[in-house]
Amino acid sequence: MSYKKNIPEEVHPWHLPPKEAIALQNKLSSQLRDEPLSLDSVSHIAGVDVSVKNDVSQAAVVVLTFPEMEVVEVRRAKRPTDYPYVPGLLTFREGPVLLEAFQQLEIIPDVYLFDGMGRIHPRKMGIGAHMGLWLQAPTIGVGKSHLTGSYDEPGPEKGDMSPLTYKGEQLGVVLRTRTNVKPVYVSAGHRMDLPSAIALVLACTPKYRLPTPIRAAHNAAGEY
DNA sequence: GCGACAG
DNA sequence: ATCTTGTCGC
């Protein structure tokens, strides 16, 4: 039995004009669920990333054991990039190719780490949150730069963090994963709560700025 | 109206 | 995201 059966045939269409895509995000955001995820219940974690070059999108999903962080499965997909990059609508550009990679998985991870935002988004639907609805699984977003919301610069030490708020609501945190290194933007996706997301990210980031699973996915997507 | 704007 | 070598600093 393939993992494809665990992904709904269709949650919604992808080729939507910006205005309709935004309306869809507003509708889908109400489906996001908060759920705690203890580190003890995690045995496999996946890193997700997409690289784009010459109008060709290359997706990579890498599954690693937790907490050992050993790669046990690598799946990739490639297809023409048919949607433009529009801030706030990244999922409509990278979602389709990611699904092709997800459908190949034989090892089902307990949680997915995305290179991009989770709920730190104008409509709480960053790529991590959005894809979580298709996967119907726990997801976390780890962004490398600012998209929206306000926050104070976190302390300089590894582990220091400050809340990121948007319209009076905290959507995530700006977390320093390495001392004196630019912080990352962490937020829960689907079936995940912020405390659990932060704990998972820190547990997966032993040496570098980005979590090991995301680094692995980035490498796999770039060399495909 | 102006500036900001994941990857 | 991508184009790209060496270089400053912990």
Side-chain angles (χ1 to χ4, degrees), chain A residues 14 18-19 21-22 24-26 28-29 32 47-62 76-102 112-133 139-151 153 155-158 160 164-167 171-190 192 194 197 201 207-211 213-224:
Chain A
W14 289 108
K19 193 166 184 175
I22 289 174
L24 174 60
Q25 291 181 322
N26 281 319
L28 295 177
S29 64
L32 296 177
V48 182
D49 187 37
V50 175
S51 69
V52 179
K53 54 184 178 183
N54 300 317
D55 291 309
V56 174
S57 294
Q58 304 173 105
V61 179
V62 179
R76 290 176 275 217
K78 173 190 287 185
R79 54 177 289 168
T81 306
D82 56 16
Y83 202 89
Y85 168 67
V86 180
L89 302 181
L90 184 65
T91 310
F92 293 87
R93 177 181 171 81
E94 307 187 339
V97 70
L98 279 177
L99 285 177
E100 291 186 2
F102 290 145
Y112 295 77
L113 289 186
F114 285 76
D115 184 331
M117 302 304 189
R119 297 189 197 180
I120 296 178
H121 178 282
R123 294 166 291 283
K124 303 183 187 180
M125 286 297 283
I127 191 166
H130 197 145
M131 295 315 292
L133 293 179
T139 58
I140 295 171
V142 181
K144 303 185 294 299
S145 63
H146 176 71
L147 169 63
T148 191
S150 58
Y151 62 94
E153 185 70 12
E157 300 295 317
K158 171 184 175 68
D160 285 344
L164 183 153
T165 60
Y166 180 70
K167 290 185 175 180
L171 300 183
V173 298
V174 180
L175 174 68
R176 194 81 68 178
T177 53
R178 290 218 64 191
T179 299
N180 293 321
V181 169
K182 184 180 179 182
V184 295
Y185 301 73
V186 179
S187 57
H190 182 45
M192 175 69 57
L194 186 55
V201 169
K207 186 174 171 55
Y208 303 103
R209 181 198 178 207
L210 297 176
I214 290 181
R215 285 170 53 79
H218 194 289
N219 293 328
E223 60 180 58
Y224 185 30

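Throughout, protein chains are lettered first and strands after them, A, B, ... in sequence-line order, and every chain is numbered starting at 1.
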Discussion item. Determine whether A:R93 and A:L89 satisfy the following criterion, side chain to side chain contact (heavy atoms under 4.5 Å, CB included), listing intermediate values before the conclusion.
Written reply: CA-CA 7 Å; A:R93 177 181 171 81; A:L89 302 181; over 6 Å; no

Would you mind writing out the side-chain donor-acceptor pairs for residues 117-131 of chain A within the sub-3.5 Å range, not counting sequence neighbours?
residue: A:R119; atom: NE; partner: A:G189; partner atom: O; Å: 2.8
residue: A:R119; atom: NH1; partner: A:D34; partner atom: OD1; Å: 2.9
residue: A:R119; atom: NH2; partner: A:R33; partner atom: O; Å: 3.1
residue: A:R119; atom: NH2; partner: A:D34; partner atom: OD1; Å: 3.3
residue: A:R119; atom: NH2; partner: A:G189; partner atom: O; Å: 2.9
residue: A:R119; atom: NH2; partner: A:M192; partner atom: O; Å: 3.2
residue: A:H121; atom: ND1; partner: A:R123; partner atom: N; Å: 2.9
residue: A:H121; atom: ND1; partner: A:M125; partner atom: N; Å: 3.3
residue: A:H121; atom: NE2; partner: A:G88; partner atom: O; Å: 2.8
residue: A:R123; atom: NE; partner: A:Q25; partner atom: OE1; Å: 2.6
residue: A:R123; atom: NH2; partner: A:Q25; partner atom: OE1; Å: 2.8
residue: A:K124; atom: NZ; partner: A:E169; partner atom: OE1; Å: 3.1
residue: A:K124; atom: NZ; partner: A:E169; partner atom: OE2; Å: 2.9
residue: A:H130; atom: NE2; partner: A:H12; partner atom: NE2; Å: 2.8

Worksheet entry | Close side-chain approach of A:V62 to A:P213, heavy-atom, < 4.5 Å | no

Worksheet, complete the sentence: Read 5' to 3' with Watson-Crick or G-U pairs under 3.5 Å, [ ] for crossing pairs and | for partners on another strand, DNA chain B gives .......

Fill in: Interatomic spacing from NZ in A:K144 to NZ in A:K182 - rounded to 0.5 Å
9.0 Å

Practice prompt. Report yes if the side chains of A:D115 and A:V48 come closer than 4.5 Å at any heavy-atom pair, otherwise no.
Written response: no

Fill in: Test item: A:R76 side-chain N/O and A:A221 main-chain N/O as donor-acceptor pair under 3.5 Å
no

Response to the item:
Going 5' to 3' through nucleotides 4-10 of chain C and flagging B where a protein heavy-atom sits under 4.0 Å of the base, S where only the sugar-phosphate is that close, and - otherwise, we get -------

Worksheet entry | Distance-minimising heavy-atom pair for A:A59 and A:A101 | CB-CB, 4.4 Å

Worksheet item: Base, sugar-phosphate, or nothing for A:H130, non-hydrogen atoms under 4.0 angstrom?
Response: nothing

With 3.5 Å as the limit, what N/O pairs link the protein to nucleotides 3-7 of chain B?
residue: B:dA6; atom: OP2; partner: A:Y85; partner atom: OH; Å: 2.5
residue: B:dA6; atom: O3'; partner: A:S145; partner atom: OG; Å: 3.4
residue: B:dA6; atom: N7; partner: A:G88; partner atom: N; Å: 3.1
residue: B:dA6; atom: N6; partner: A:G88; partner atom: O; Å: 3.1
residue: B:dA6; atom: N6; partner: A:L89; partner atom: N; Å: 3.3
residue: B:dA6; atom: N6; partner: A:L90; partner atom: N; Å: 3.0
residue: B:dA6; atom: N1; partner: A:I127; partner atom: N; Å: 3.1
residue: B:dA6; atom: N3; partner: A:M117; partner atom: N; Å: 3.3
residue: B:dG7; atom: OP1; partner: A:K144; partner atom: N; Å: 2.7
residue: B:dG7; atom: OP1; partner: A:K144; partner atom: NZ; Å: 3.3
residue: B:dG7; atom: OP2; partner: A:S145; partner atom: OG; Å: 2.7

Practice prompt. Output yes when a side-chain donor or acceptor of A:T81 lies under 3.5 Å from a complementary backbone atom of A:S57, and no otherwise.
Written response: yes

Discussion item. Determine whether A:L164 and A:Y185 satisfy the following criterion, side chain to side chain contact (heavy atoms under 4.5 Å, CB included), listing intermediate values before the conclusion.
Written reply: CA-CA 8 Å; A:L164 183 153; A:Y185 301 73; 3.9 Å; yes

Practice prompt. Taking side chain to side chain donor-acceptor pair (under 3.5 Å) as the test, write out the residues that go with A:K158, two or more places apart.
Written response: none

Fill in: A:T139 side chain vs A:H190 backbone, donor-acceptor pair below 3.5 Å
yes

Worksheet entry | Shortest non-hydrogen contact between A:T177 and A:Y208, atoms and distance | OG1-O, 4.2 Å

Discussion item. Only Watson-Crick and G-U wobble pairs, only distances under 3.5 Å, only runs of 3 or more: what stems does that leave for DNA chain C?
Written reply: none

